[in-house]
Engineer: 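Just dropping this structure here.
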Amino acid sequence: MSKSNAVTTFFIEIGELTLFAGRFFKQLFTKPFEGKELLKQCYSIGNRSILLVAVTGFIIGLVITLQTRPTLEEFGAESWMPSMVSLSIIREIGPVIIALTFAGRIASGIGAELGSMRVTEQIDAMEVSGTNPFKFLVVTRIVAATLMLPLLVLLGDALALLGSYIIENIKGEVSFLLYFNKVFNVLEFSDLIPATIKTFFFGFAIALVGCFKGYNCDKGTVGVGAAANSAVVFSSMLLFIIDFIAVFITDIFFDL
């Protein structure tokens, strides 16, 4: 494929994704509301991700502290470790890395699941039977992911701080109370709220791309694999774009 064709295909896909998002918002506020399926998807998405997010968050805290502490010790500034680590994790590192982990787990899963349903004509069968497959399959998954990711990020952040404390306790013999007093003394709502708000957009983008790729999957098993793979790649790229926009807006807002 030539570069010009690749660019054309990319912009066509962006347009189709935008239309898909518009269809989601239209269906979101129309009856019937699939409350039972939504709760099922919330449990499924959260349950599938919680262990991975917990391990990822804990290791983030361990690694950041281990990598940063020697540098601070050179300047005699190791007392700043809790403040620096907490701000780094809460503002940026925690939400982005956990969202990327979530994208790898959920976007691919949704893409493969809906893709296999498209290939085996289960979606077509739902349309014939009078069920709205878009409402039942797409809307519920997108809303569930949008609601679950912020909760998972908060869990991951908490475990990252716990991991950081463990290293500080081993290396510097810092007590639990002293460590978290320093953490909460430096943290403000202006750190937590923007970081939490952007995770709703992360979750929405991840599930939207996964549903889009799976729902419009090409026929055949190759198409299912391509849908799962491209869902992860495309959603990961969107995460960085959304993160840049969120940081840019936050910076403008708090400079006023």
Side-chain angles (χ1 to χ4, degrees), residues 8-49 99-100 102-152 197-239 241-242:
T8 302
T9 302
F10 174 76
F11 281 108
I12 289 173
E13 198 162 25
I14 290 293
E16 291 175 346
L17 181 63
T18 304
L19 292 175
F20 192 82
R23 185 179 177 187
F24 161 78
F25 285 111
K26 182 180 178 181
Q27 295 278 345
L28 178 62
F29 300 106
T30 59
K31 293 183 179 181
F33 300 110
E34 302 287 352
K36 186 176 180 181
E37 179 65 17
L38 174 60
L39 291 176
K40 178 184 174 182
Q41 290 303 320
C42 285
Y43 173 78
S44 175
I45 289 172
N47 188 53
R48 280 189 291 173
S49 308
L100 288 171
F102 187 81
R105 184 71 180 87
I106 298 303
S108 61
I110 291 176
E113 185 180 11
L114 295 188
S116 63
M117 293 182 72
R118 173 64 74 184
V119 168
T120 56
E121 299 182 347
Q122 294 180 53
I123 294 177
D124 297 332
M126 291 177 70
E127 291 175 345
V128 171
S129 65
T131 305
N132 185 344
F134 192 93
K135 184 87 172 178
F136 188 82
L137 299 174
V138 175
V139 173
T140 54
R141 282 166 172 78
I142 294 177
V143 173
T146 304
L147 296 176
M148 287 297 102
L149 182 56
L151 298 178
L152 291 169
I197 290 174
K198 70 182 179 182
T199 59
F200 286 96
F201 292 95
F202 287 167
F204 172 78
I206 290 167
L208 179 71
V209 172
C211 289
F212 171 73
K213 293 292 186 179
Y215 201 79
N216 298 297
C217 174
D218 295 329
K219 298 294 183 181
T221 53
V222 176
V224 175
N229 181 63
S230 59
V232 176
V233 174
F234 204 76
S235 60
S236 299
M237 182 182 66
L238 269 182
L239 288 182
I241 295 172
I242 294 170

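Hydrogens, waters and symmetry mates are skipped; everything else that's a heavy atom, side chains included, is used.
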Engineer: Under the 3.5 angstrom rule, does the side chain of Lys198 hit a backbone N or O of Ile242 as a donor-acceptor pair?
Structural biologist: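 Answer holds: no.
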Engineer: For Leu137 and Met126, what are the C-alpha separation, side-chain angles and deciding distance, and is it a side-chain contact (heavy atoms from CB on, under 4.5 Å)?
Structural biologist: CA-CA 10 Å; Leu137 299 174; Met126 291 177 70; 4.0 Å; yes
Engineer: Measure the CZ-CG distance between Phe212 and Leu114 for me, rounded to the nearest 0.5 Å.
Structural biologist: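 Reported value, rounded in 0.5 Å steps: 12.5 Å.
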Engineer: Looking at every non-hydrogen atom in both residues, tell me the closest pair between Cys217 and Arg118 and how far apart they are.
Structural biologist: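 Closest pair (atom of Cys217, atom of Arg118, distance): O-CG, 3.7 Å.
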Engineer: Could you tell me whether Tyr43 atom OH has more than 12 heavy atoms of other residues or ligands within 6.0 Å of it?
Structural biologist: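 For Tyr43, atom OH is not crowded (no more than 12 foreign heavy atoms under 6.0 Å).
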Engineer: Would you call Phe20 and Val209 a side-chain contact if the rule is heavy atoms closer than 4.5 Å?
Structural biologist: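 No, too far: nothing below the 4.5 Å cut-off.
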Engineer: List the steps, then state whether side-chain contact (heavy atoms from CB on, under 4.5 Å) holds for Leu149 with Phe204.
Structural biologist: CA-CA 9 Å; Leu149 182 56; Phe204 172 78; over 6 Å; no
Engineer: Would you compute the distance between atom CG of Leu28 and atom OG1 of Thr140 and round it to the nearest 0.5 angstrom?
Structural biologist: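 Going from the CG atom of Leu28 to the OG1 atom of Thr140 covers 11.0 Å.
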Engineer: List the atom of Phe29, the atom of Phe33, and the distance in Å for their closest heavy-atom pair.
Structural biologist: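 Closest approach of Phe29 to Phe33, heavy atoms only: C-CE2, 3.9 Å.
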Engineer: Carefully, step by step, assess Asp124 and Val128 under the rule side-chain contact (heavy atoms from CB on, under 4.5 Å).
Structural biologist: CA-CA 6 Å; Asp124 297 332; Val128 171; 5.5 Å; no
Engineer: Show your working on side chain to side chain donor-acceptor pair (under 3.5 Å) between Glu16 and Asn216 and close with a plain yes or no.
Structural biologist: CA-CA 10 Å; Glu16 291 175 346; Asn216 298 297; over 6 Å; no
Engineer: Look at the side chain of Lys213 and the backbone N and O of Ala107, then say whether any donor-acceptor pair between them is shorter than 3.5 Å.
Structural biologist: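 Not confirmed, Lys213 side chain does not pair with Ala107 backbone.
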Engineer: I need the single residue from Leu238, Val233, Val232 that forms a side chain to side chain contact (heavy atoms under 4.5 Å, CB included) with Ser236. Which is it?
Structural biologist: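 Output: one option passes, namely Val232.
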Engineer: Please round to the nearest 0.5 Å and tell me the distance separating atom CD1 of Ile45 and atom CE of Met148.
Structural biologist: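 It is 8.5 Å, given to the nearest 0.5 Å.
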Engineer: Ignoring hydrogens and angles, tell me if any N or O in the side chain of Ser230 forms a donor-acceptor pair with the backbone of Ala226 under 3.5 Å.
Structural biologist: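 Yes; at least one donor-acceptor contact below 3.5 Å.
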Engineer: In terms of ring plane angle, is the pair Tyr215 and Phe134 parallel, tilted or perpendicular, where the classes change at 30° and 60°?
Structural biologist: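 Answer is perpendicular, since the angle exceeds 60°.
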Engineer: Looking at Glu127 and Pro133, what are the two nearest heavy atoms and their distance?
Structural biologist: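 Shortest heavy-atom contact: CG-CG, 3.3 Å.
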Engineer: OG1/Thr199 to CG/Leu147 distance, rounded to the nearest 0.5 angstrom?
Structural biologist: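 The distance works out to 10.5 Å.
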Engineer: Any chance you could measure Phe102, atom CZ, to Ser235, atom OG, to the nearest 0.5 Å?
Structural biologist: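 It is 10.0 Å, given to the nearest 0.5 Å.
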Engineer: Quick check: closest heavy atoms across Leu152 and Ser49, and the distance to 0.1 Å?
Structural biologist: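 Distance-wise, the nearest heavy atoms are CD1-CB, 3.7 Å.
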Engineer: Give me the atom names and distance for the closest heavy-atom approach of Ala231 to Gly210.
Structural biologist: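 Closest approach of Ala231 to Gly210, heavy atoms only: CB-CA, 4.0 Å.
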Engineer: Rounded to the nearest 0.5 Å, what's the gap from CD on Glu37 to CZ on Phe136? Could you check?
Structural biologist: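 If I round to the nearest 0.5 Å, the distance is 3.5 Å.
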